[in-house]
Number of protein chains: 2
Amino acid sequence: MEDKVIKDLINRYVSVSFKVTKKAESLIKVQIGNDLTNDQHYILRYIYHAKECTSSLLAEEFEVNKSAITAIINRMVDRTLIQRTRDKNDRRVVYLSLTEEGNQLFEKTEERVHCLVESIITKFNAEEIKNFIQTYEKLGDLLVKMSKN
Amino acid sequence: MEDKVIKDLINRYVSVSFKVTKKAESLIKVQIGNDLTNDQHYILRYIYHAKECTSSLLAEEFEVNKSAITAIINRMVDRTLIQRTRDKNDRRVVYLSLTEEGNQLFEKTEERVHCLVESIITKFNAEEIKNFIQTYEKLGDLLVKMSKN
DNA sequence: AAAATTGGTTCACCTGTTTAACTATTCACC
DNA sequence: GGTGAATAGTTAAACAGGTGAACCAATTTT
């Protein structure tokens with residue numbers, strides 16, 4: 001590729017990724033904003049799929065300091081969405097898991113997010129969206145690799 | 001598309017978009033975090049390209065309340081990156097523009113962001129990345145349309 | 001046994017956000 | 001042309017999320 005083409009692609013990427021991120025965030029917020037913040041929903045999703053995990057793992061996954069996770073988790077423990085249980089072999093570690101209430105709330109909000117995403121991706125033709133997601137996933141893997149350096 | 005295929009695509013999309021957003025944000029932060037927050041950089045970019053704009057426009061563009069914009073702009077005015085000037089015909093409106101300092105800082109940080117994005121997109125083959133960005137832009141347009149309802 | 005590492009929390013302080021109340025100005029229109 | 005509605009922006013209180021440093025407690029290293 002020539003320099004000029006690359007520069008153009010970069011500009012388009014920067015501008016579109018900003019736009020999509022902002023708009024997507026605010027559409028999700030419309031769906032779940034009365035129940036959870038977007039970040040809280042992401043946290044619930046992570047624990048839901050992991051069944052159980054530690055603060056340190058979340059901090060790594062979300063690329064923030066552990067103290068930020070403590071704060072978020074505290075709020076959600078206060079709302080009895082999440083519970084803490086200490087490991088019996090290594091008493092330093094604390095496992096986080098969803099309460100029944102947290103589980104239900106996650107499923108409810110996730111349902112709404114899925115409907116939203118469905119209403120969007122079904123507007124594309126199948127081939128196009130498959131290719132798109134495939135490249136998006138490659139990009140994701142690449143970014144994860146880069147984050148580690 | 002069958003239901004099952006759609007459900008799978010939704011799940012993949014939800015998970016990859018979260019991952020990419022988080023990682024991209026934190027990679028950008030590494031590049032510019034000593035000078036600006038990511039949001040401040042976005043604000044600078046917007047005004048840089050618009051030359052001049054109002055708080056209301058920014059609020060609309062960033063999908064937040066006007067008071068959130070006031071707070072961000074105040075901090076940047078304090079750092080003399082942005083200046084306010086009142087419209088002479090309609091004294092309610094305040095135009096925001098970059099100071100020389102703001103201009104320079106934006107160009108410096110944008111340069112770093114471009115290098116970052118370049119280092120990423122040149123890892124893909126040209127055809128793939130072009131298709132990807134094209135679909136991404138369609139998605140962006142669609143989301144903008146949806147936000148308006 | 002002492003020193004270093006690890007997992008988490010606490011604290012002070014910052015950014016970004018919402019909502020509601022408020023100021024100042026302009027517009028609509030009878 | 002004066003009154004009421006609409007518009008542009010700010011302020012203030014309250015909250016979510018983030019950093020960095022200091023800290024506690026438990027475990028591992030040596």
Side-chain angles (χ1 to χ4, degrees), chain A residues 18 21-23 25-30 32-44 46-47 52-79 81-97, chain B residues 18 21-23 25-30 32-44 46-47 52-79 81-97:
Chain A
F18 168 72
T21 304
K22 280 287 174 202
K23 301 291 171 184
E25 255 175 26
S26 80
L27 285 168
I28 291 177
K29 198 172 177 186
V30 169
I32 69 171
N34 289 328
D35 296 313
L36 289 172
T37 66
N38 290 4
D39 285 320
Q40 287 170 352
H41 180 68
Y42 289 137
I43 295 276
L44 286 189
Y46 193 91
I47 302 178
E52 197 171 77
C53 76
T54 63
S55 284
S56 301
L57 188 58
L58 285 177
E60 206 175 307
E61 206 66 29
F62 286 68
E63 309 242 26
V64 296
N65 288 352
K66 286 187 291 181
S67 56
I69 300 295
T70 298
I72 294 178
I73 298 297
N74 279 342
R75 281 175 218 117
M76 298 176 84
V77 168
D78 290 347
R79 288 182 57 193
L81 300 173
I82 288 181
Q83 59 207 355
R84 291 181 164 106
T85 43
R86 282 215 116 81
D87 183 309
K88 283 181 180 155
N89 298 328
D90 184 343
R91 295 190 36 73
R92 286 170 306 181
V93 350
V94 174
Y95 293 115
L96 305 172
S97 57
Chain B
F18 168 72
T21 304
K22 279 289 175 203
K23 300 292 170 185
E25 255 175 26
S26 81
L27 285 167
I28 291 177
K29 199 172 177 184
V30 169
I32 69 170
N34 290 329
D35 296 312
L36 290 171
T37 65
N38 290 5
D39 285 319
Q40 287 170 351
H41 180 68
Y42 289 137
I43 295 276
L44 286 187
Y46 193 90
I47 302 177
E52 196 171 78
C53 75
T54 64
S55 284
S56 300
L57 188 59
L58 285 176
E60 206 176 307
E61 206 65 30
F62 286 69
E63 309 240 24
V64 295
N65 290 351
K66 287 187 291 183
S67 56
I69 300 294
T70 298
I72 296 178
I73 298 297
N74 279 343
R75 282 176 217 117
M76 297 175 85
V77 168
D78 289 347
R79 288 181 58 192
L81 300 174
I82 288 182
Q83 59 207 355
R84 290 181 165 108
T85 44
R86 282 215 117 80
D87 183 309
K88 282 179 183 155
N89 298 327
D90 184 342
R91 293 188 38 71
R92 287 170 305 181
V93 351
V94 174
Y95 293 116
L96 305 172
S97 58

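Just so it is clear, the model here is predicted, and its values are computed rather than measured. So that the names make sense, note that chain A is the first sequence line, chain B the second, and so on, each numbered from 1. Side chains are part of it too, since the values below use all heavy atoms of this structure and drop only hydrogens, waters and symmetry mates.
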| request: Check salt bridge (Lys or Arg N to Asp or Glu O under 4.0 Å) between E63(A) and all other residues, then give those that pass, not counting sequence neighbours. | output: K23(B)

| task | Specify the separation, in whole Å, of atom NZ of K29(A) and atom C1' of dG17(D). | result | 12 Å

| Quick one: side chain to side chain contact (heavy atoms under 4.5 Å, CB included) partners of K66(A), sequence neighbours excluded? | S56(A), A59(A)

| remark: By side chain to side chain contact (heavy atoms under 4.5 Å, CB included), S55(A) pairs with (sequence neighbours left out) I69(A), L96(A)

| Residues two or more places apart in sequence or in another chain: which of them pass salt bridge (Lys or Arg N to Asp or Glu O under 4.0 Å) with R92(A)? | D90(A)

| request: For S97(B), enumerate each residue passing the side chain to side chain donor-acceptor pair (under 3.5 Å) test, keeping only those at least two apart in sequence or located in another chain. | output: Q83(B)

| said: Under 4.0 Å, counting only non-hydrogen atoms across every strand here, what does N65(A) touch: a base, just sugar-phosphate, or nothing? | reply: base

| Over 12 non-hydrogen atoms of neighbours within 6.0 angstrom of CD in E60(B) | no

| query | For E63(A) and dG17(D), what is the distance between atoms CD and P respectively, to the nearest whole Å? | reply | 17 Å

| task | Take atom NZ of K88(A) and atom P of dT27(D), then tell me their distance rounded to the nearest Å. | result | 14 Å

| said: Surrounding CG of D78(B) (heavy atoms of other residues, nucleotides or ligands, distance under 6.0 Å), is the total greater than 12? | reply: yes

| said: Once side chain to side chain donor-acceptor pair (under 3.5 Å) is applied, do any residues pair with Y95(B), and if so which ones, sequence neighbours excluded? | reply: D87(B)

| remark: With sugar-phosphate taken as primed atoms, P, OP1 and OP2 and all else as base, the protein-contact string of nucleotides 9-14 of chain D at under 4.0 Å (heavy atoms; B, S, -) is BBBB--

| I72(A) CD1 to dC15(D) P, straight-line distance once rounded to whole Å | 17 Å

| said: Whole angstroms only, please: what is the CG-P distance between L81(A) and dA16(D)? | reply: 12 Å

| said: Using five base pairs at each end to define the local axes, how bent is the helix from dA1(C)-dT30(D) to dC30(C)-dG1(D), to the nearest 10°? | reply: 20°

| request: Output all residues satisfying side chain to side chain donor-acceptor pair (under 3.5 Å) with R84(A), sequence neighbours left out; order by chain, then residue number. | output: N74(A)

| task | Taking side chain to side chain contact (heavy atoms under 4.5 Å, CB included) as the test, write out the residues that go with S67(B), two or more places apart. | result | N65(B)

| field | Start and end of the DNA chain C segment that chain A contacts, any atom under 4.0 Å from a heavy atom | value | dT6(C) to dT18(C)

| task | Mind checking N89(A) for me? I need base, sugar-phosphate or nothing, with any heavy atom below 4.0 Å counting as a touch. | result | sugar-phosphate

| request: Rounded to the nearest angstrom, tell me the gap between atom CD1 in I28(B) and atom P in dG18(D). | output: 16 Å

| With a 4.0 Å cut-off on heavy atoms, is D39(A) in touch with a base, just the backbone sugar-phosphate, or nothing at all? | sugar-phosphate

| said: Between R91(A) and dA25(D), is there a contact of a side-chain N or O with OP1 or OP2 at under 4.0 Å? | reply: no

| query | Under the ring-ring contact (aromatic ring centres under 6.0 Å, His included) test, which residues partner F62(A), sequence neighbours left out? | reply | F18(B)

